[in-house]
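Report on one structure; see the data block that follows.
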Amino acid sequence: MSIVTVQLGQCGNQIGHEVFNAICSDVHGTHGLCSKKENESYHDACKERFFCEEESEVPIARAVLVDMEPKVISQTLSMAARSGYWKYDDRSRFCQKQGSGNNWANGYSVHGPRHKEVIMNLVQKEAEKCDRLGGFFTIMSMAGGTGSGLGAFVTQCLRDAFPTSFILNHVIWPYGTGEVIVQNYNSVLTLSHLYQSSDALLVHENDVIHKICAQLMNIKQISFRDVNQVIAHQLGSVFQPTYTAEGGLHYSRNPLGSFRDPSLYTSWLNPRDAFNAWKTPRAFNKYEKSASLVSNSQFLLKPLDNVVGKAWNMFASKAYIHQYTKFGIEEEDFLDSFTALEQVISSYTILC
Amino acid sequence: MAQSVVVQVGQCGNQVGCRFWDLALREHAAVNKNGIYDEALSSFFRNVDTRGGGDGPGIYKGKICSLKARALLIDMEEGVVNEILQGPLRDVFDSKQLITDVSGSGNNWAVGHKLYGYQYREKIVEKLRKTAEHCDCLQCFFIIHSMGGGTGSGLGTFVLNVLEDEFPEVYRFVTSVYPSGEDDVITSPYNSVLAMKELNEHADCVLPIENESLFDIVNKIHQMISSGKLGSTVKQNSLVTSSAGSARTVQEKPFDAMNNIVANLLLNLTSSARFEGSLNMDLNEISMNLVPFPRLHYLVSSLTPLYTLADVNVPSRRLDQMFSDAFSRDHQLIQADPKHSLYLACALLVRGNVQVSDLRRNIERLKPSLHFVSWNQEGWKTGLCSVPPVGHSHSLLALANNTCVKPTFTELKDRFMKLYKKKAHLHHYLHIDGMEQSCFSEAISSLSDLIEEYNELDATKGGPRTDPSRLQIAV
């Protein structure tokens with residue numbers, strides 16, 4: 001089973017590149033304590049998910065690269081090709097000349113509809129290359145204009161075009177003290193819209209990853225590359241093949257299958273059923289032993305409440321609203337988004 | 001990638017513009033070693049095949065043949081533009097992209113705006129369309145002019161109006177040089193206030209510059225160098241005021257050093273749009289993040305460092321000093337002190353070998369000493385561009401939407417009122433076709449309203465913070 005990755009905006013494309021890098025280097029890395037046969041099983045399972053093998057060529061990532069300006073995609077494509085181990089399909093990209101200007105409305109209401117057909121065609125082509133499509137994995141940041149706005153629109157289109165497929169959105173939570181001044185508006189609009197079309201949101205917070213780089217990895221001058229590599233490492237270790245829940249010698253075929261597990265989503269289940277573990281003897285990325293934890297808990301409550309609070313504060317003064325209404329997002333749209341997110345916050349709060 | 005067009009109007013506009021093009025070529029030459037016409041170059045330059053003589057067809061890829069600036073040069077006197085066209089940059093300008101006249105505007109906004117505006121409107125539109133046709137994605141017009149005279153001020157703001165009418169989707173960034181109190185043009189307050197109304201209503205973003213600040217910076221650099229404290233270890237071409245390494249070989253003219261600062265401002269502003277980086281900051285993002293309300297679009301800018309010492313290893317402390325300097329009053333390009341006023345928004349565009357952790361560390365360090373408006377307590381816009389300016393390993397451009405612009409505007413208003421109350425020199429303006437008393441009263445009213453908006457914001461500074469109550473959800 002394969003998954004198609006959609007990389008959106010500068011952040012999405014930069015991270016996507018690191019993810020494929022991490023997966024590829026893991027596949028080519030030492031296999032730790034498992035047997036050679038074991039390793040080959042692992043190889044096959046992994047390759048099928050993320051890469052398309054053409055004869056006499058390096059594996060090609062199953063990905064669509066989308067951005068509203070060309071610089072990042074050009075860089076991403078050439079860095080991948082230079083690695084010699086894998087590359088992207090040159091045709092699986094879409095970019096424009098002028099970015100989204102950090103404006104969610106521009107990404108969602110202008111670029112989305114305008115380029116819907118072309119983008120969905122690229123996705124369709126990638127989907128058709130898969131023997132069996134497991135689902136979609138989109139990578140985007142919430143703070144900017146393309147990843148957030150166009151990302152929300154594309155997610156909706158994916159849902160419409162593939163109603164039964166699993167859609168997992170990887171969302172990057174920006175630094176609390178700003179990368180973009182209107183990031184809280186963009187975040188509120190993104191999350192409220194993703195809630196309607198996505199199956200699951202996997203979140204990474206820049207502040208948290210930054211701390212990991214500083215305190216756990218002791219990196220002195222932390223670059224975005226460092227941050228992205230940590231994220232990619234975590235994602236890789238979650239996506240890489242593990243034995244199916246039934247245990248035994250078969251690798252689970254669908255990487256997103258583990259996300260489909262209902263016990264990951266509601267706490268109305270028995271605590272016994274709420275926890276699932278998957279394992280494999282095959283080491284990940286040269287680590288002798290490693291473990292990854294994916295959880296659905298109240299951990300996101302504080303950051304979410306923070307973002308909604310700041311956005312509401314700004315909204316009350318009407319600051320920057322003219323920049324959104326100019327592209328068709330009105331005050332009512334903001335209010336709808338706020339309402340939706342307050343409901344999410346409320347739902348998580350009363351779990352306690 | 002998107003393109004930008006520079007419209008330089010009047011003596012000041014053209015002199016600054018000239019420095020901009022010279023330094024831009026120097027910057028691209030330092031980065032572009034293969035002589036290939038790349039996306040970065042295309043944002044400000046066309047590549048033209050001149051082998052057949054004259055202006056040939058455009059070449060969109062491959063080797064650089066002849067670079068032509070995406071510019072329109074306008075002046076109602078011939079002196080400055082002629083000098084540019086005879087100087088070392090003559091081949092950079094397309095000979096058809098000029099509009100000149102002979103007699104000048106006599107330091108009279110009305111002559112520039114109403115008389116010449118009306119006369120040259122068609123020609124202006126025609127030449128603007130031509131430059132736009134050469135772009136496959138025109139993103140921004142940069143206007144460079146001064147406020148105190150007649151052409152830059154009057155005709156420059158007329159062009160601003162034309163741009164809004166003819167190219168409503170394209171951003172309009174205006175770099176305006178404001179007159180100082182001791183300006184020798186007596187009517188400069190009239191010209192400036194009349195121009196301000198146009199900037200209020202038709203510009204997307206204005207970067208005000210004051211000659212006094214540029215002058216102070218130039219002096220500061222001279223002092224540092226001649227005091228011997230730095231000696232010969234300063235890299236000459238790293239001075240924010242220098243033309244070293246550019247096409248200019250003759251001795252620098254008095255305003256050159258000051259104009260180079262403004263040219264560097266524009267280069268830094270557009271660097272992230274031209275070159276790659278880990279966190280790009282495009283021109284449309286600048287306007288999106290720094291303009292919370294349409295009329296409050298005046299941005300105070302500061303550039304650091306002013307020079308680089310020759311030693312290559314830059315310890316963290318020097319880097320941090322760069323950030324501190326960006327907020328100090330003597331690095332601002334207008335006479336203002338942002339630290340003691342209220343920030344509505346702030347943007348930091350870093351170039352060179354600086355990473356996100358350096359940025360974060362400095363924001364955390366400087367934040368406590370700055371006052372931000374209640375609804376934007378953590379409002380920072382940041383950009384990281386990998387390519388540093390020539391002669392530097394890193395640099396920082398800070399853009400602030402801050403109430404510290406208010407004194408510049410109130411002083412202007414006071415100088416205006418001094419003349420207006422006595423009706424001094426009004427007749428020079430009123431006898432121009434299209435000018436009436438109401439032009440003056442509307443202009444001062446527009447300026448007063450703007451000042452009042454800043455006053456209201458200042459009144460919120462330091463006050464008790466009551467956050468609005470959140471939506472209550474029925475569960």
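All values below were derived from every heavy atom in this structure, side-chain atoms included, with hydrogens, water molecules and symmetry-related copies excluded. We name chains A, B, ... by the order of the sequence lines, and we start the count at 1 in each one.
- In summary, the side chains of A/E69 and B/N280 do present a donor paired with an acceptor at a separation below 3.5 Å, with no hydrogens or angles considered.
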Output, in order, the C-alpha distance, side-chain angles, deciding distance and verdict of side chain to side chain contact (heavy atoms under 4.5 Å, CB included) for B/R470 and A/I345. CA-CA 12 Å; B/R470 297 266 292 272; A/I345 292 175; 3.6 Å; yes
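- Between A/Y175 and B/E378 the shortest side-chain heavy-atom distance does not fall below 4.5 Å.
- Contacts of A/Q75 with chain B are made by side-chain atoms alone, with heavy-atom separations under 4.5 Å and no backbone atom involved.
- With a 4.5 angstrom heavy-atom cutoff, B/Q3 does not touch chain A via any of its atoms.
- Of the two parts of B/S43, neither the backbone nor the side chain holds a non-hydrogen atom closer than 4.5 Å to a non-hydrogen atom of chain A.
- Heavy-atom minimum distance, B/N376 versus A/M314: OD1-CE, 3.5 Å.
- The contact between A/Q10 and chain B is made entirely by side chain atoms (from C-beta outward), counting heavy-atom distances below 4.5 Å.
- A search for side chain to side chain donor-acceptor pair (under 3.5 Å) contacts involving A/R91 returns A/D89, not counting sequence neighbours.
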Hey, mind stepping through B/Q355 and A/I222 against side chain to side chain contact (heavy atoms under 4.5 Å, CB included) and telling me if it holds? CA-CA 6 Å; B/Q355 300 304 338; A/I222 303 167; 5.9 Å; no
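- Within the 4.5 Å cutoff, the side chain of B/S278 has no heavy atoms near those of the A/R225 side chain.
- When B/M281, B/M288, B/E39, B/E285 are compared by the number of non-hydrogen pairs under 4.5 Å with chain A, B/M288 comes out ahead.
- In this structure, no portion of A/I219 lies under 4.5 Å from any heavy atom of chain B.
- Distance check, rounded to the nearest 0.5 Å: OG of A/S346 to CG of B/L471 gives 12.0 Å.
- Looking only at side-chain heavy atoms (C-beta outward), B/K381 and A/V180 come within less than 4.5 Å of each other.
- In terms of heavy-atom proximity, A/S100 sits nearest to B/N284 at C-ND2, 4.3 Å.
- For residues 104-115 of chain A, a heavy-atom distance under 4.5 Å to chain B picks out no residue at all.
- Of the atoms belonging to A/T339, heavy atoms from both backbone and side chain fall under 4.5 Å from chain B.
- Looking at A/K318, its side chain never comes within 3.5 Å of a backbone N or O of B/F293 through a donor-acceptor pair.
- Partners of A/D333 by side chain to side chain donor-acceptor pair (under 3.5 Å), not counting sequence neighbours: none found.
- Side chain of B/Q139 to backbone of A/K97: no donor-acceptor contact under 3.5 angstrom is found.
- Interface remark: B/A347 contributes no atoms to any contact with chain A (heavy atom separation under 4.5 Å).
- Minimum heavy-atom separation, A/K71 to B/A273: NZ-O, 3.2 Å.
- Each of A/N228, A/I181, A/N184, A/V182 has some count of heavy-atom pairs under 4.5 Å with chain B, and the biggest count is that of A/I181.
- Neither the backbone nor the side chain of A/F315 comes within contact range of chain B; no heavy atom of the residue lies under 4.5 Å from a heavy atom of that chain.
- The interface of residues 304-311 of chain A with chain B, defined by heavy-atom distances below 4.5 Å, comprises A/D305, A/V308, A/G309, A/K310.
- Note that CD of A/Q98 is 7.0 Å distant from CG of B/D282, once rounded to the nearest 0.5 Å.
- In this structure, no portion of B/T460 lies under 4.5 Å from any heavy atom of chain A.
- Annotation for A/Y320 and B/N289: closest pair OH-O, 2.7 Å, computed over non-hydrogen atoms.
- Residue-environment remark: NZ (B/K367) exceeds the threshold of 12 foreign heavy atoms within 6.0 Å.
- Residues B/L279 and A/E179 come closest through the heavy atom pair CD2-CB, 4.5 Å.
- Neither the backbone nor the side chain of B/V373 comes within contact range of chain A; no heavy atom of the residue lies under 4.5 Å from a heavy atom of that chain.
- Chain A forms the most heavy-atom pairs under 4.5 Å with one residue out of B/P468, B/S374, B/A40, B/A2, and that residue is B/P468.
- Contact count against chain A (heavy-atom pairs under 4.5 Å) is highest for B/V356 among B/L296, B/L359, B/V356.
- Pairing each heavy atom of B/N353 with each of A/Q221, the nearest pair is O-NE2, 3.8 Å.
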